[in-house]
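Letters A, B, ... are given to chains in the order of the sequence lines, protein chains preceding strands, and every chain is numbered from 1.
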Number of protein chains: 2
Amino acid sequence: MATQRRRNGKGNGKANPAEDEAVYQAILHALLEGKLKAGTKLAEPPLADIFGVSRERIRKVLHRLGAERRLEMIPNRGARVPRPTLDDVRSVYEAHRVLEAGVLTQLVRHIDDALIDRLNAHLAEERAAATRGDRAASVRLSGAFHVHLVEALGNAELTRFLADLLSRSSVMVSVYEPATDSICAVDEHGAIVEALRARDVARAIAVSREHFLHVESRLHLDDVVPASEDLGSVFAAVKPKRRKAR
Amino acid sequence: MATQRRRNGKGNGKANPAEDEAVYQAILHALLEGKLKAGTKLAEPPLADIFGVSRERIRKVLHRLGAERRLEMIPNRGARVPRPTLDDVRSVYEAHRVLEAGVLTQLVRHIDDALIDRLNAHLAEERAAATRGDRAASVRLSGAFHVHLVEALGNAELTRFLADLLSRSSVMVSVYEPATDSICAVDEHGAIVEALRARDVARAIAVSREHFLHVESRLHLDDVVPASEDLGSVFAAVKPKRRKAR
DNA sequence: CCTCCAAAAAATGTGCACATTTTCTACGCG
DNA sequence: CGCGTAGAAAATGTGCACATTTTTTGGAGG
């Protein structure tokens, strides 16, 4: 009997939360990966067709993403990938900067050798990726460094907030790409750890601040927009269900 | 013709976002006001009856509140008012404390006389409410003070995060009530402003920290739970639509 | 060639009818 | 008398039909 597909009877109330989740993850992933360019319209019928699920399924996921402010929902006009202004991006970076100042302030109170060791181990990874020239790993590890810092506090609220900020800024780099070269200079991360080890809050904050300002200064507005159409190719490898003939 | 009610034809796709919003606000308000006790089950049919709207309308609102983590949604088992643990509450307060440390750090850079004046004006309001013995106003103004601080930075992300934290802690006081006496000592708020005026970051943070620890220390776990049933009376004055006979 | 507008097409929003699951109830057995 | 359980009742989840709204299309007129 195995995994019988729906599509059979009429009123079918079969619960399948995994399928919701799969669609959600697929769209979210495409969003975070930057495959869905800013301004792209996400209409329900084509998505339902691509993923092979009912329209209400898509609908629910879209609204959920809208509630998380990852999509821009306009009543009666559907969902679009947000087109953040330069101020929006700055706002996210500034928020991260302010948050990290608070995190560092609190962190020097609970710091111990084990934490320093973990951070240094992470720095080693970052350096390895940098010398290896692995750009993707560098980006990932660079973000992970800041995640490590908040996670050290063990506060779920703060961790969630940072994760939200990071995911948002990762979307933005697809528009305002500081992509050119090294994202976060490992040296700057190292300086933060060093200041932490010395229990020097003021210095840690100052370094962190400079670090963020450095990143922010690389932001620039690429003229107009890339704009992406043709959802089919975006989700090509995701769900090989059925596709519309053109 | 005025406001014709739906309930008429059959398939009725009339868009009425205001009605969604009304239900959302009503439940949210009851939640923030503490009228909905922790652990209360929010079933769809009775709510639909109380508000006089379709079940799917209620459904949508419930899931939205769940996405905001204001309600606990369990698949196939509906929505409940969350029953935060003492650790959850501490986590929220700690997050607020850490955030405010960052905010103060940033704030001393952009401080000016106008801001100090505004904060002092707010302190005057707080003192007036305190001497007047207006407990409700005191609670509200006490929260507003911290809102003023973040808003001074003009960062939407930070403001939103704080609002989220505040709304969450306001729900929690209905369980772990530090309700006994003065919520936030106005003097402590005053000391923060004073430190800000002197551009003394370290002092501002120290005072803020003590302030929060002071509030947190008053938290205590009331034995078991109040538990509230009978949704009808909770939303009594909200929507005088129809009610179920018992 | 551009603009404006009406009709068609497409997309979104919503109530409803069930399917599925959970919760309640009552009965029989140890 | 407690306890597990079968059946009933209630609640949640989902597809579908259709209303409403938006967008596109195809001319007609300037």
Could you go through nucleotides 22-25 of chain D and list every protein N or O atom that sits under 3.5 Å from one of its N or O atoms, giving the distance for each pair?
residue, atom, partner, partner atom, Å
dT23(D), OP1, Arg77(A), NE, 2.6
dT23(D), OP1, Arg77(A), NH2, 2.8

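With rounding to whole Å, Asp49(B) atom CG is found 14 Å from dA10(D) atom C1'. The CD1-P distance, from Ile74(A) to dT12(C), rounds to 12 Å in whole Å. Following rounding to the nearest Å, Asp20(A) (CG) and dT12(D) (P) show an atom-to-atom distance of 17 Å. Protein atom CZ of Arg55(B) is 10 Å distant from nucleotide atom P of dA11(D), rounded to whole Å. When rounded to the nearest whole Å, the span between CD of Glu56(A) and P of dA11(C) equals 15 Å. For Ile58(A) and dG15(D), the CD1 to C1' distance is 14 Å, given to the nearest whole Å.
When all heavy atoms are compared, the tightest approach of Val147(B) to Leu166(B) is CG2-CD1, 3.5 Å.
Shown here are the side-chain hydrogen bond (donor to acceptor under 3.5 Å, both in side chains) partners of Asp88(A), two or more places apart in sequence or in another chain: Thr85(A). Residues meeting the side-chain contact (heavy atoms from CB on, under 4.5 Å) test with Glu68(A), sequence neighbours left out: Tyr24(A), Arg64(A), Leu65(A), Arg70(A). Under the rule for a ring pair (Phe, Tyr, Trp, His ring centres under 6.0 Å), the partners of Phe212(A) that lie at least two apart in sequence or sit in another chain are His96(A), His146(A). Scored by the salt bridge (Lys or Arg N to Asp or Glu O under 4.0 Å) test, Arg69(B) finds Glu157(A) as partners (sequence neighbours excluded). Remark: Arg160(A) pairs with no residue by the side-chain hydrogen bond (donor to acceptor under 3.5 Å, both in side chains) rule, at least two apart or across chains.
Ser91(B) places no side-chain N or O within 3.5 Å of a backbone atom of Asp87(B) that could act as its donor or acceptor partner.
The side chain of Lys60(B) places no N or O atom within less than 4.0 Å of a non-bridging phosphate oxygen (OP1 or OP2) of dG13(C).
When heavy atoms are screened at a 4.0 angstrom cut-off, Glu44(B) is found touching the sugar-phosphate backbone but no base atom.
Nearest to the side chain of His63(A), among dT12(D), dG13(C), dT12(C), sits dG13(C). Picking from dA11(D), dT12(C), dT14(D) the nucleotide with the shortest atom distance to the side chain of Pro45(A) gives dT12(C). Of the candidates dC16(D), dT12(D), dG15(D), the closest approach to any side-chain atom of Arg59(B) belongs to dT12(D).
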